[in-house]
Asks: 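This is the structure I have questions about; it appears just below.
Order of the sequence lines sets the chain letters (A, B, ...), proteins ahead of strands, with each chain counted from 1.
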Protein chains: 2
Amino acid sequence: MKFSTRSRYGVNAMFELALRYGEGAVSLKDVADKQSISEAYLEQLMIRLRKAGLVESQRGVQGGYLLSDRPENVSVGSIIRVLEGSVSPVDCIEGKGCQRGGTCPGRIVWQKIYDSVNDVIDRITLQDMIEEYTKQEHHG
Amino acid sequence: MKFSTRSRYGVNAMFELALRYGEGAVSLKDVADKQSISEAYLEQLMIRLRKAGLVESQRGVQGGYLLSDRPENVSVGSIIRVLEGSVSPVDCIEGKGCQRGGTCPGRIVWQKIYDSVNDVIDRITLQDMIEEYTKQEHHG
DNA sequence: CAAATCCCGACTTTGTAAATAGGGTATTGA
DNA sequence: TCAATACCCTATTTACAAAGTCGGGATTTG
């Protein structure tokens with residue numbers, strides 16, 4: 001069970017924006033460099049995040065991206081859901097149900113995983129990430 | 001975030017064996033038909049499950065597969081881990097840690113998801129699935 | 001106007017899950 | 001003993017989505 005790198009990149013990028021919240025726009029290049037992500041690839045992700053309303057963008061010289069809201073108001077779940085599409089572990093959950101008529105025997109399993117993951121990612125905010133991060137000695 | 005169909009097929013197949021626990025060996029063909037899985041594909045999964053000790057096999061006429069243990073002693077987690085390899089949502093968790101030196105900012109997120117999913121799947125047994133299943137009216 | 005920067009669709013590459021194929025081995029029972 | 005049944009195992013093919021690249025366009029600033 002893996003998340004795509006989109007989620008990982010996206011969360012890291014948003015974390016970077018959160019670190020600099022209140023300091024004006026941060027350019028794509030900046031974020032990509034800091035988080036070691038391909039700039040062209042990250043661009044696609046940022047566009048999605050913008051369309052979802054999680055970040056705002058400014059064009060032109062000195063332009064870049066900014067969080068639309070304070071870090072404590074942005075859950076990791078909202079980021080992941082935008083980039084991952086859905087957190088459903090199998091297709092049965094969310095929408096059409098499985099082809100096998102009613103419910104499949106495994107539904108109880110996938111549903112519980114689904115609920116649990118959603119619960120976890122909705123409880124963590126960017127602010128939590130910052131606090132966790134500064135608590136340790138990552139300052140190089 | 002998706003599980004591979006291996007996990008879904010595997011859980012469903014094991015569920016089928018659980019339903020018939022105590023009735024002797026169930027052939028691959030039988031399981032494949034009941035759960036609508038390609039027989040040749042399911043075979044690969046069953047072999048893995050056998051090597052992991054979760055099922056036993058009997059060759060020859062009347063042969064097939066049987067659970068190695070009672071349904072209440074088989075967790076869904078043990079099945080999924082065999083088939084999925086690992087439940088880690090990103091590569092940072094489990095083993096080598098990420099390339100970015102120490103810890104990545106997102107680690108707190110992925111670690112919590114990992115713990116949570118493992119907790120859920122370890123708590124559900126095949127017996128639970130049977131009970132959940134018979135509780136509903138799937139008898140056609 | 002030039003430089004910086006975001007915008008966006010189309011395309012290519014790559015990795016791996018999913019599925020198939022086919023020959024081999026053990027067991028049963030007529 | 002032989003044929004049928006069923007598991008065993010490796011190799012290969014297919015399918016598809018993620019990951020990454022490309023190139024031209026639009027905006028903003030100075």
Asks: Within the structure provided, determine whether B:Leu67 and B:Leu54 are in side-chain contact (heavy-atom separation under 4.5 Å).
Replies: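 Side chain of B:Leu67 against side chain of B:Leu54, heavy atoms only: no contact under 4.5 Å found.
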
Asks: Find the distance B:Gln62:CD to D:dT5:P and express it as a whole number of Å.
Replies: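 Rounding to the nearest Å, CD of B:Gln62 and P of D:dT5 are 11 Å apart.
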
Asks: In terms of relative ring orientation, are A:Phe15 and A:Tyr133 parallel, tilted or perpendicular, with 30° and 60° separating the classes?
Replies: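 Ring orientation of A:Phe15 relative to A:Tyr133: perpendicular.
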
Asks: Hey, which sits more toward the 5' end of DNA chain D by its nearest nucleotide, A:Arg6 or A:Glu43?
Replies: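 By nearest-heavy-atom nucleotide position, the 5'-most residue is A:Arg6.
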
Asks: Could you tell me the separation between the CD1 atom of B:Ile47 and the C1' atom of D:dA6, rounded to a whole number of Å?
Replies: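 For the pair B:Ile47 CD1 and D:dA6 C1', the rounded distance is 12 Å.
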
Asks: Given atom CD of B:Glu39 and atom P of D:dT5, what is their separation to the nearest angstrom?
Replies: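 Atom CD in B:Glu39 sits about 13 Å away from atom P in D:dT5.
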
Asks: Can we say B:Arg81 and B:Asp122 salt-bridge, meaning some charged N sits less than 4.0 Å from an Asp/Glu carboxylate O?
Replies: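 A salt bridge links B:Arg81 with B:Asp122.
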
Asks: On the nucleotide D:dT21, are OP1 or OP2 found under 4.0 Å from the side-chain N or O atoms that A:Ser38 carries?
Replies: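 Yes, A:Ser38 has a side-chain N/O under 4.0 Å of OP1/OP2 on D:dT21.
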
Asks: Please report the distance, rounded to the nearest Å, between CD in A:Gln58 and C1' in D:dT29.
Replies: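 Roughly 12 Å, once rounded to whole Å.
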
Asks: If you compare every side-chain N and O of A:Arg8 against the phosphate oxygens of D:dA19 (OP1, OP2), does one of them come in below 4.0 Å?
Replies: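 Checking D:dA19 against A:Arg8, no side-chain N or O comes under 4.0 Å of OP1 or OP2.
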
Asks: I need the CD-P distance between B:Gln44 and D:dT13, as an integer number of Å.
Replies: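 It works out to 15 Å between those atoms.
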
Asks: One thing to verify: whether A:Arg123 and A:Asp128 come together as a salt bridge, which I'm taking to mean a side-chain N less than 4.0 angstrom from a carboxylate O.
Replies: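 No.
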
Asks: Check the distance between D:dT10's C1' and B:Lys51's NZ and give it to me in whole angstrom.
Replies: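 That distance rounds to 10 Å.
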
Asks: I'd like to know whether A:Asn12 forms a side chain to side chain donor-acceptor pair (under 3.5 Å) with A:Glu16, so could you lay out the CA-CA distance, the side-chain angles of the two residues, the decisive distance to 0.1 Å, and finally the verdict.
Replies: CA-CA 6 Å; A:Asn12 286 345; A:Glu16 188 65 29; over 6 Å; no

Asks: If you measure from the Lys or Arg side-chain nitrogens to the Asp or Glu carboxylate oxygens, is any gap between A:Lys135 and A:Glu132 under 4.0 Å?
Replies: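 Answer for the salt bridge query: yes.
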
Asks: Among D:dA19, D:dC9, D:dT5, find the nucleotide with the atom closest to the side chain of A:Ser4.
Replies: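 Out of D:dA19, D:dC9, D:dT5, the nucleotide with an atom closest to A:Ser4's side chain is D:dA19.
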
Asks: Distance check: side-chain N/O of B:Arg50 vs OP1/OP2 of D:dC7, anything under 4.0 Å?
Replies: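 So the side chain of B:Arg50 is outside the cut-off, no N or O lying under 4.0 Å from OP1 or OP2 of D:dC7.
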
Asks: Taking only N and O in the side chain of B:Tyr65, is any of them less than 4.0 Å away from OP1 or OP2 of D:dA6?
Replies: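 So the side chain of B:Tyr65 is outside the cut-off, no N or O lying under 4.0 Å from OP1 or OP2 of D:dA6.
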
Asks: Find the distance A:Glu56:CD to D:dT28:P and express it as a whole number of Å.
Replies: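 For the pair A:Glu56 CD and D:dT28 P, the rounded distance is 14 Å.
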
Asks: Quick one: B:Lys2 NZ to D:dC16 P, roughly how many Å, whole number?
Replies: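 Answer to the nearest Å: 16 Å.
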
Asks: Walk along DNA chain C from 5' to 3' and tell me the first and last nucleotide with an atom closer than 4.0 Å to a non-hydrogen atom of chain B.
Replies: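 The contacted stretch runs from C:dA17 to C:dT28.
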
Asks: CD of A:Glu39: more than 12 outside heavy atoms within 6.0 angstrom?
Replies: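 Yes - once you tally the heavy atoms of other residues, nucleotides and ligands closer than 6.0 Å, there are more than 12.
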
